[in-house]
Amino acid sequence: MSKLLQLIQSRQSDRKYSNKAVEQEKLELILESARLAPSACNSQPWKFVVVTDAALKLEVAKATHSSIIGLNKFAPQAPVIIVIVLEKPKMVTQIGGAIKNKEYPLIDIGIAAEHICLMAEEQGLGSCMLGWYDEKKIQKLLKIPPNKRIGLVITLGYPDGKKRKKIRKNENEVISWNKY
Ligand SMILES: Cc1cc2nc3c(=O)[nH]c(=O)nc-3n(C[C@H](O)[C@H](O)[C@H](O)COP(=O)(O)O)c2cc1C
């Protein structure tokens with residue numbers, strides 16, 4: 001089977017981590033895979049803030065937790081958190097986005113995020129993308145200027161759980177050939 005497809009199949013949102021530290025070399029590989037991601041007009045509208053300081057990371061993790069809807073309680077277990085900050089894209093991307101009514105930077109960071117998660121998987125690490133967090137709190141904690149949006153948060157660490165079966169729509173629901 002294709003090695004890439006194997007990686008794609010085994011990557012999952014890991015919500016349980018062991019307390020084993022993540023090696024710096026692995027983090028660097030993960031960040032390089034993010035840096036090399038494609039983006040509209042090659043704008044690279046991102047900054048990856050890597051949170052490894054234990055006390056700070058705990059505070060950032062807590063800012064992803066919602067007790068009301070019971071989301072992201074697991075985040076403090078992850079030894080590393082990457083916060084993706086949206087940077088202004090090139091002028092040509094801004095104009096193109098306005099004309100075409102498209103948020104290209106959101107697409108771009110989604111691709112970079114998947115690069116991160118796939119590289120993490122290849123390195124034996126687990127990851128989970130988090131779209132729910134207290135943006136203002138994380139901005140303050142990480143000294144992110146308040147006018148810059150946080151696009152996504154990713155937890156990283158050695159997973160401490162089993163692989164789950166993928167739950168996905170059937171091919172015929174999501175793929176069509178030559179017409180909608
Ligand atoms: C943009 C985005 C935001 C997400 N936000 C959260 C989140 O806040 N908390 C969480 O536990 N999982 C979150 N997820 C993970 C999804 O729930 C998960 O990818 C989906 O259920 C498919 O499962 P899998 O990743 O294990 O294959 C998010 C995923 C994406 C792509």
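Heavy-atom basis, side chains included; hydrogens, waters and symmetry copies ignored. Atoms within a ligand are numbered from 1 in the order they appear, just like the ligands themselves. Quantities reported herein were computed from a predicted structural model and do not represent experimental measurements.
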Asker: Considering only non-hydrogen protein atoms, determine which one is nearest to atom 1 (C) of ligand 1 and report residue, atom name and distance to 0.1 Å.
Answerer: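 Nearest protein contact, heavy atoms only, for atom 1 (C) of ligand 1 is Leu152 CD1, 3.9 Å.
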Asker: Got a second to check how far Ile150's CD1 is from Ile109's CD1, nearest 0.5 Å?
Answerer: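 Ile150 atom CD1 to Ile109 atom CD1 measures 10.5 Å (nearest 0.5 Å).
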Asker: Should Pro38 and His115 count as side-chain neighbours, where that means a heavy-atom distance under 4.5 Å?
Answerer: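 The answer is yes; the side chains approach within 4.5 Å.
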Asker: Test your reading of the model: is there a side-chain donor-acceptor pair from Lys73 to the backbone of His65, 3.5 Å cut-off?
Answerer: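 No: the side chain of Lys73 does not pair with the backbone of His65.
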Asker: Students should be able to answer this: which protein heavy-atom is nearest to atom 23 (O) of ligand 1, and at what distance?
Answerer: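 Atom 23 (O) of ligand 1 sits closest to the protein heavy atom Arg168 NH1, 4.0 Å.
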Asker: Using a 3.5 Å cut-off on N or O atoms only, is Leu130 in polar contact with ligand 1?
Answerer: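 For ligand 1, there is no N or O atom that lies under 3.5 Å from one belonging to Leu130.
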Asker: Does the distance from a Lys or Arg side-chain N to an Asp or Glu carboxylate O, for Lys163 and Glu121, drop under 4.0 Å?
Answerer: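 Here Lys163 pairs with Glu121 in a salt bridge, since their nearest N and O are under 4.0 Å apart.
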Asker: Counting each atom of ligand 1 from 1 as listed, which ones have a heavy atom of Arg164 under 4.0 Å away?
Answerer: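 It comes down to these atoms of ligand 1: 26 (O).
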Asker: Please list the nearest protein heavy atom to atom 18 (C) of ligand 1 with its residue and the distance rounded to 0.1 Å.
Answerer: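 The answer is Ser13 OG, 3.3 Å.
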Asker: Of all the atoms in ligand 1, which lie at a distance below 4.0 Å from a heavy atom belonging to Cys128?
Answerer: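 Once the distances to Cys128 are compared, the set is 10 (C), 11 (O), 12 (N).
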Asker: For Lys166, look at atom NZ and say whether over 12 heavy atoms of other residues, nucleotides or ligands are found less than 6.0 Å away.
Answerer: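 More than 12 within 6.0 Å, yes.
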Asker: Does Asn19 have more than 12 heavy atoms from other residues, nucleotides or ligands lying within 6.0 Å of its CG?
Answerer: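 Check fails, neighbour count at 12 or below.
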Asker: Side chain or backbone of Glu114 under 4.0 Å from ligand 1, or both, or neither, by non-hydrogen atoms?
Answerer: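 Glu114 to ligand 1: no contact under 4.0 Å from either part.
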Asker: More than 12 non-hydrogen atoms from neighbouring residues, nucleotides or ligands closer than 6.0 Å to NZ on Lys47, yes or no?
Answerer: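 At most 12 heavy atoms, drawn from other residues, nucleotides or ligands, come within 6.0 Å of this atom.
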Asker: Counting neighbours of CD on Glu173 that are heavy atoms of other residues, nucleotides or ligands and sit closer than 6.0 Å, is the number greater than 12?
Answerer: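 Yes, CD of Glu173 has more than 12 neighbouring heavy atoms, counting only those of other groups under 6.0 Å.
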Asker: Under 4.0 Å and counting heavy atoms only, is there anything from the protein next to atom 27 (O) of ligand 1?
Answerer: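 At least one protein heavy atom is under 4.0 Å away.
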Asker: Which of the atoms in ligand 1, numbered in the order shown and given with their element, are less than 4.0 Å from a heavy-atom of Arg11?
Answerer: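 The list of qualifying atoms is 24 (P), 25 (O), 27 (O).
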Asker: Do you see a protein non-hydrogen atom under 4.0 Å from atom 20 (C) of ligand 1?
Answerer: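 For atom 20 (C) of ligand 1 the answer is no, since every protein heavy atom stays at 4.0 Å or beyond.
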Asker: Quick one: look up the protein heavy atom nearest atom 7 (C) of ligand 1 and list residue, atom name and how far away it is.
Answerer: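 Ranking protein heavy atoms by distance from atom 7 (C) of ligand 1, first comes Asn72 OD1, 3.5 Å.
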Asker: Determine whether the side chain, the backbone, both or neither of Thr64 has a heavy atom under 4.0 Å from any heavy atom of ligand 1.
Answerer: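 For Thr64, no heavy atom sits under 4.0 Å from ligand 1.
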Asker: Given Arg15, Met129, Lys165, which one has a non-hydrogen atom that is nearest to atom 17 (O) of ligand 1?
Answerer: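 Nearest option to atom 17 (O) of ligand 1, by heavy atoms: Arg15.
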Asker: Which of the numbered atoms in ligand 1 are under 4.0 angstrom from any heavy atom belonging to Trp132?
Answerer: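 Near Trp132, the atoms of ligand 1 are 8 (O).
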Asker: Can you tell me if Ser10 uses its side chain to pair, donor with acceptor, with the backbone of Gln6 under 3.5 Å?
Answerer: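 Between the backbone of Gln6 and the side chain of Ser10 there is a qualifying donor-acceptor contact (under 3.5 Å).
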Asker: Which ligand 1 atoms, with their elements, are less than 4.0 angstrom from a heavy-atom of Gly131?
Answerer: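 Listed by number with element: 3 (C), 4 (C), 5 (N), 6 (C), 7 (C), 8 (O).
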Asker: Please determine whether side chain to side chain contact (heavy atoms under 4.5 Å, CB included) holds for the pair Asp14 and Gln12, giving the CA-CA distance in whole Å, both sets of side-chain angles, and the decisive distance to 0.1 Å.
Answerer: CA-CA 6 Å; Asp14 281 306; Gln12 64 180 20; 2.9 Å; yes
Asker: Under 4.0 Å from ligand 1, counting heavy atoms only, is it the side chain of Phe74, its backbone, both or neither?
Answerer: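 Side chain only.
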Asker: Does atom CD of Glu103 have more than 12 heavy-atom neighbours from other groups under 6.0 Å away?
Answerer: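 Result for CD/Glu103: open.
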Asker: If you count the atoms of ligand 1 from 1 in the order shown, which ones are under 4.0 Å from a heavy atom of Lys166?
Answerer: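 Close to Lys166: 27 (O).
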